[in-house]
Protein chains: 2
Amino acid sequence: MREAPQSPEDQKRALLEAQDGFIAAFGQMGSAWGISRTMAEVQALLYITGEPLCTDDIMERLRISRGNASMSLRALLDWGVISRAHKRGDRKEYFQADQDVWDMFRAILRERMKREVDPLLASLHEIRDKTNSDLPGKGKRSRDDDPELRQKVDEHNTRLDSMLRFFETVEALSQKFVSPAGRGLKIAATLLTSPLLTGGGRER
Amino acid sequence: MREAPQSPEDQKRALLEAQDGFIAAFGQMGSAWGISRTMAEVQALLYITGEPLCTDDIMERLRISRGNASMSLRALLDWGVISRAHKRGDRKEYFQADQDVWDMFRAILRERMKREVDPLLASLHEIRDKTNSDLPGKGKRSRDDDPELRQKVDEHNTRLDSMLRFFETVEALSQKFVSPAGRGLKIAATLLTSPLLTGGGRER
DNA sequence: AAGTGATTTCAATCATTTCTGAAATTGTCG
DNA sequence: CGACAATTTCAGAAATGATTGAAATCACTT
């Protein structure tokens, strides 16, 4: 409902502002999920911009130092959510984001599973094994056994096991979700219309 | 394969150590996912212990201050992953964790969606609306229009839209996943055996 | 309504993470 | 090989987030 005619300059400014809004929102969210704000912002900038940018472009647009830009870009490359590009006759490196949102998130998911779920699982396994050899199961019992303690140990093991099973399921699921390109969307679509979800349940 | 006979004291110590290992691993993971380490540890302690504990129990076991314990417990209550309990003839409040891992994670998921995805979605909508009124779509074009800019704006809108669609899907999925109790596991099981996942694909 | 113990709050402090900027390194070209 | 631009590294500075502890508040009881 705006009446004021807009010059190309105004339009351009408005576009940049809108992009900044997106970048800020995305950075915000990233930091809540344990990704550094800057890293998320760089990703957002490359994504919303759609074209390859060089380190200086990013430094200028995001007002960050060269060091920070370099390290964030490196991390994003490691995560596999952006890639290098080159312009002929230009010595600088350019970077661009994967344009498919699902691919991007699958890459992030894959990386985080590897980094955070796998170690937890390993540590859970270790604890379980140690507990079992130190405190053998119902099978044999030493004459010193105290029934109350025995029960606590059993319960501990039960809970540890259900936690293990949970994370192993999550892990397996994420592997499935993550492997072949383009799958994420299909899975989501299927899930959203699946009778398991829409049917049966007595959800109000 | 241990030979040394164990006194009940040894067994008890071993149990506590194993629990501490679990608590540490869980706290570690929590902090990587943007939940404060202490909050995650309190949750882990209540979970692995299985019985109601009071503030002092938690302070002592986790070596944290009263203030910290109080605030962490409050936050966990807000998230709906632990609940209050009372012992008759005791003025203190006790707390216990939900014993179903899936329920627990569904509660966490619900809370995080509410806190972090919803605001991002809102902000994305706002940006889209603002951009559209400032820079109207292909339909009408002012005489000042510059085709190159126009194209950039269109691309910006396209990317914003796919991001929006992505998060709306995620949101919808999480709602489905989160609503009726006990669903999570069933969904996971279905997904893991679904032909969509195991069949078709040419995953090496 | 005063006393008592439990609980919450919050300013100050402490710890951790992130960022900067200058120096070191890498890679390219003549 | 030098010269030079681009990039990386990293020690310390700055920012952010978590924790403490003591005082205030709350909720019973007598």
Side-chain angles (χ1 to χ4, degrees), chain A residues 23-24 26-46 52-79 82-96 111-112 115-116, chain B residues 23-24 26-46 52-79 82-96 111-112 115-116:
Chain A
I23 292 167
F26 197 80
Q28 198 70 29
M29 158 120 184
S31 70
W33 288 81
I35 294 165
S36 99
R37 193 173 44 71
T38 302
M39 199 171 144
E41 287 188 348
V42 172
Q43 168 70 33
L45 172 59
L46 290 174
L53 300 179
C54 71
T55 308
D56 295 82
D57 296 335
I58 293 165
M59 284 168 60
E60 192 190 334
R61 184 77 188 270
L62 257 33
R63 310 290 197 82
I64 60 175
S65 73
R66 185 170 300 283
N68 196 5
S70 168
M71 286 166 105
S72 301
L73 286 167
R74 155 74 79 101
L76 290 169
L77 284 169
D78 286 349
W79 284 37
I82 67 175
S83 48
R84 293 181 210 271
H86 292 277
K87 289 189 177 174
R88 60 180 59 269
D90 190 340
R91 229 150 116 181
K92 286 203 287 298
E93 282 191 304
Y94 288 75
F95 302 89
Q96 60 189 339
E111 187 67 19
R112 303 213 63 171
R115 288 187 180 219
E116 283 117 23
Chain B
I23 292 167
F26 198 80
Q28 198 69 29
M29 158 119 183
S31 69
W33 288 80
I35 293 164
S36 101
R37 192 175 45 71
T38 302
M39 198 170 145
E41 286 187 350
V42 172
Q43 168 69 33
L45 172 60
L46 291 174
L53 300 179
C54 72
T55 308
D56 295 83
D57 296 335
I58 293 165
M59 285 168 60
E60 191 189 336
R61 184 79 187 270
L62 258 33
R63 310 289 197 82
I64 60 175
S65 74
R66 186 169 298 283
N68 195 4
S70 168
M71 286 167 107
S72 299
L73 286 167
R74 156 73 80 100
L76 290 169
L77 284 169
D78 286 349
W79 283 38
I82 68 175
S83 48
R84 293 181 212 270
H86 292 277
K87 289 189 177 173
R88 61 180 58 269
D90 190 340
R91 230 153 115 182
K92 286 202 287 297
E93 280 191 305
Y94 288 75
F95 302 89
Q96 61 188 338
E111 188 66 20
R112 303 213 62 173
R115 289 188 181 217
E116 283 117 24

Side-chain contact test, heavy atoms from C-beta onward, threshold under 4.5 Å: evaluate it for [X] versus [Y] and give yes or no.
X: B:Ile64; Y: B:Glu41; value: no
X: B:Asp57; Y: B:Arg61; value: no
X: B:Trp79; Y: B:Gln43; value: no
X: B:Leu73; Y: B:Leu46; value: yes
X: A:Phe95; Y: A:Thr55; value: yes
X: B:Leu76; Y: B:Met39; value: yes

In terms of the nearest nucleotide of DNA chain D, which residue is placed more toward the 5' end: A:Tyr94 or A:Ser31?
-> A:Tyr94
Which whole-number value in Å describes the distance from [X] [atom1] to [N] [atom2]?
X: A:Glu93; N: D:dT7; atom1: CD; atom2: P; answer: 5 Å
X: A:Arg66; N: D:dT8; atom1: CZ; atom2: C1'; answer: 11 Å
X: A:Met59; N: D:dA5; atom1: CE; atom2: P; answer: 16 Å
X: A:Asn68; N: D:dT9; atom1: CG; atom2: C1'; answer: 13 Å
X: A:Leu53; N: D:dT7; atom1: CG; atom2: C1'; answer: 17 Å
X: A:Ile64; N: D:dA15; atom1: CD1; atom2: P; answer: 16 Å

Is it the case that more than 12 heavy atoms not belonging to B:Glu111 sit under 6.0 Å from its CD atom?
-> yes
Should we say atom CD of A:Glu116 is surrounded by more than 12 heavy atoms from elsewhere, each under 6.0 Å from it?
-> yes
Tell me what B:Arg37 touches on the nucleic acid: a base, only sugar-phosphate, or nothing, going by heavy atoms under 4.0 Å.
-> sugar-phosphate
With a non-hydrogen cut-off below 4.0 angstrom, is B:Ser70 in contact with a base, only sugar-phosphate, or nothing?
-> base
Would you say the side-chain atoms of A:Arg112 pair up with the backbone N or O of B:Ala32, donor to acceptor, closer than 3.5 Å?
-> yes
When A:Met71 and B:Arg91 are each assigned the nearest nucleotide of DNA chain C, the 5'-most assignment goes to B:Arg91
On DNA chain C, more 5' by nearest nucleotide between A:Ser36 and A:Gly67 is A:Ser36
First and last nucleotide of DNA chain C in contact with chain A, 5' to 3', at under 4.0 Å to a heavy atom: what are they?
-> C:dT18 to C:dT28
Does A:Arg74 make a side-chain N or O approach to OP1 or OP2 of D:dT9 shorter than 4.0 Å?
-> yes
Using five pairs at either end of the helix from C:dA1-D:dT30 to C:dG30-D:dC1, determine the angle between the two local helix axes and round it to 10 degrees.
-> 20°
